[in-house]
There are 2 protein chains.
Amino acid sequence: MLSKSQIKLITSLDKKKYRNKHQLFVVEGIKSIEEFLYSDYELYLLFSVGDIYKNKDVISTFITEAELKKISFLSSPNSALAVFKIPESKPIGNDRLIVALDGISDPGNLGTIIRLCDWFGIKDLICSSNTVDCFNPKVVQSSMGSLTRVNITYLDLEDHLINRQDELIYGAFMNGESIYSSSVENKGILVFGNESNGIREEIEELVTSRISIPQFGQDRKTESLNVAMATAIMLSEFTRRTIEK
Amino acid sequence: MLSKSQIKLITSLDKKKYRNKHQLFVVEGIKSIEEFLYSDYELYLLFSVGDIYKNKDVISTFITEAELKKISFLSSPNSALAVFKIPESKPIGNDRLIVALDGISDPGNLGTIIRLCDWFGIKDLICSSNTVDCFNPKVVQSSMGSLTRVNITYLDLEDHLINRQDELIYGAFMNGESIYSSSVENKGILVFGNESNGIREEIEELVTSRISIPQFGQDRKTESLNVAMATAIMLSEFTRRTIEK
């Protein structure tokens, strides 16, 4: 059974303003919820259609499909919905490669980038304050549990990079040195920019190494690679070099 | 001015059945339409809100925003909509790497894979007959003009691979040899499978080299990489090896 105030609270959580106010966010789908249950995240509410969590160490409130539809952000709700507390950021490491995002605005791209960080063992993702919120329901959905394994910090990216000027700061550009021939190390900071406008000028000035993915199509008319694809290829290159050393 | 029969025709083209019947498909957005105009594709109808194509060698029918909304498949229509003829497939090359898709079902994934093929100079993409149609409006949208530069052929993938048994047939699996340490050549065929079920058994039997992208996250709980991400990383590896030779 779902109370009116619960419906109001949960549906408000698609907005960053209310996520911040309540320090809560929504996770949907049995698999994703399980990943959060077995992580450091603290459960606040759990609803399920039927006794999905019978053998787990959690208590879920049974609701109907119709009730789930009322609180779900998905067009086809997936049997369970949970609300978790937004955790405090952990300190940012500095002994290995960190990914930095300067104004990524598409939730699907951020979710994919979080999955890629998880896949390639990147522990820290830092985001400029205008990057889409990682607790946005679409980001949570597309990151598929990887959010539980990557430490994400929102900060003033310019200030942060100024304070780390003694480190390597790589920037992904359309016109940098080829990632295949440039000497990269699996540490420092690797910056990706906004989908339309790329990396801001003030951040660009702090970059110590401009890198790019060369295009092999003969007529070279192709639009730039989507930022998530560029992240996939660059993280693959950075990690490959490390294991080959 | 838009006629009733034009509206009926265009809106029917979101279905494969009607695209096949009329041998027509829709392209939306000024930039994408331009890429098709300057390709081998043959224009059938062109509509624009205002005189966008004034200085181009084409004639567009002016329509209102409200009319565009009636025929557009986008939630925010983008000033122009064109209908092009579906071209005949060109012969498939065999002197360089071909990408093969076994049952890709998500239009966004196919569109992204087409963009990646274009970026990495892959001329031929072959698709099992149950792969989503490349003239699906969402595929056209997400491939962003790259469709004009990649030759896509739908065929019986099993039959086709049986006929090419003397070539290298790479398959992307979760449990293959690491792409970083396996010796790959930039020719042969590289097969990717369906988003949920991977490569079908009958195709798997024809694969001569199983490759995969190793996971670096410490606890290795991450879901498999999305197929478009896997394609990005693998195509990057195949082309890198070629230029380093």
Side-chain angles (χ1 to χ4, degrees), chain A residues 29 31-32 34-35 38-39 96-97 108-109 111-123 142-150 178-181 186 213-244, chain B residues 29 31-32 34-35 38-39 96-97 108-109 111-123 142-150 178-181 186 213-244:
Chain A
K31 245 174 148 174
S32 284
E34 256 182 43
E35 298 223 46
Y38 297 123
S39 73
R96 51 197 299 165
L97 188 68
N109 282 341
T112 305
I113 291 170
I114 295 169
R115 266 177 88 180
L116 286 164
C117 286
D118 185 20
W119 187 272
F120 287 109
I122 302 289
K123 293 285 168 218
S142 61
S143 73
M144 298 176 84
S146 286
L147 202 55
T148 62
R149 290 179 292 271
V150 179
S178 163
I179 175 75
Y180 304 121
S181 54
N186 205 9
I213 300 161
Q215 188 171 342
F216 292 90
Q218 279 173 333
D219 29 18
R220 293 170 184 259
K221 280 187 215 156
T222 318
E223 290 259 341
S224 67
L225 280 176
N226 160 290
V227 65
M229 289 185 267
T231 308
I233 294 165
M234 293 226 174
L235 289 187
S236 167
E237 271 299 297
F238 273 82
T239 31
R240 177 183 69 79
R241 310 280 185 95
T242 320
I243 53 170
E244 284 180 0
Chain B
K31 244 175 150 172
S32 284
E34 259 184 40
E35 297 224 45
Y38 297 122
S39 74
R96 51 197 298 164
L97 188 69
N109 282 341
T112 305
I113 291 170
I114 295 169
R115 268 176 87 180
L116 287 164
C117 285
D118 186 21
W119 187 273
F120 286 109
I122 303 288
K123 294 285 168 217
S142 61
S143 73
M144 298 178 84
S146 287
L147 202 54
T148 63
R149 289 179 294 271
V150 179
S178 163
I179 176 73
Y180 304 121
S181 54
N186 204 10
I213 300 161
Q215 187 170 345
F216 293 90
Q218 280 173 331
D219 29 19
R220 294 171 183 258
K221 279 188 217 156
T222 318
E223 290 261 342
S224 66
L225 281 176
N226 162 290
V227 65
M229 294 302 124
T231 307
I233 294 165
M234 291 225 175
L235 289 186
S236 167
E237 271 301 297
F238 273 81
T239 32
R240 176 183 71 78
R241 307 281 184 97
T242 319
I243 52 170
E244 285 183 358

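Every chain is numbered from 1, with letters handed out A, B, ... down the list of sequences.
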- Message: Ser142(B): which residues meet the side chain to side chain contact (heavy atoms under 4.5 Å, CB included) condition with it, sequence neighbours left out?
- Response: none
- Message: Checking Thr231(B) now: which residues fulfil side chain to side chain contact (heavy atoms under 4.5 Å, CB included) with it, not counting sequence neighbours?
- Response: Ile113(B), Leu116(B), Phe192(B), Val227(B), Leu235(B)
- Query: Using non-hydrogen atoms only, which part of Ala228(A) is less than 4.5 Å away from chain B: side chain, backbone, both, or neither?
  - Reply: both
- Which atoms of Ile179(A) come close to chain B, meaning under 4.5 Å heavy atom to heavy atom: side chain ones, backbone ones, both, or neither? neither
Does any non-hydrogen side-chain atom of [Y] lie less than 4.5 Å from one of [X]?
{"X": "Trp119(A)", "Y": "Ile213(B)", "value": "yes"}
{"X": "Leu225(B)", "Y": "Arg115(A)", "value": "no"}
{"X": "Met229(B)", "Y": "Thr112(A)", "value": "yes"}

Can you tell me how far the [atom1] atom of [X] sits from the [atom2] atom of [Y], to the nearest 0.5 Å?
{"X": "Glu237(B)", "Y": "Glu237(A)", "atom1": "CD", "atom2": "CD", "value": "6.0 Å"}
{"X": "Cys117(A)", "Y": "Phe216(B)", "atom1": "SG", "atom2": "CZ", "value": "14.0 Å"}
{"X": "Ser224(A)", "Y": "Met144(B)", "atom1": "OG", "atom2": "CE", "value": "7.5 Å"}

- Query: If we ignore angles and hydrogens, is there a donor and acceptor under 3.5 Å between the side chains of Tyr180(B) and Thr239(A)?
  - Reply: no
- Could you walk me through whether Ile233(A) and Phe120(B) pass the side chain to side chain contact (heavy atoms under 4.5 Å, CB included) test, one step at a time? CA-CA 12 Å; Ile233(A) 294 165; Phe120(B) 286 109; 3.6 Å; yes
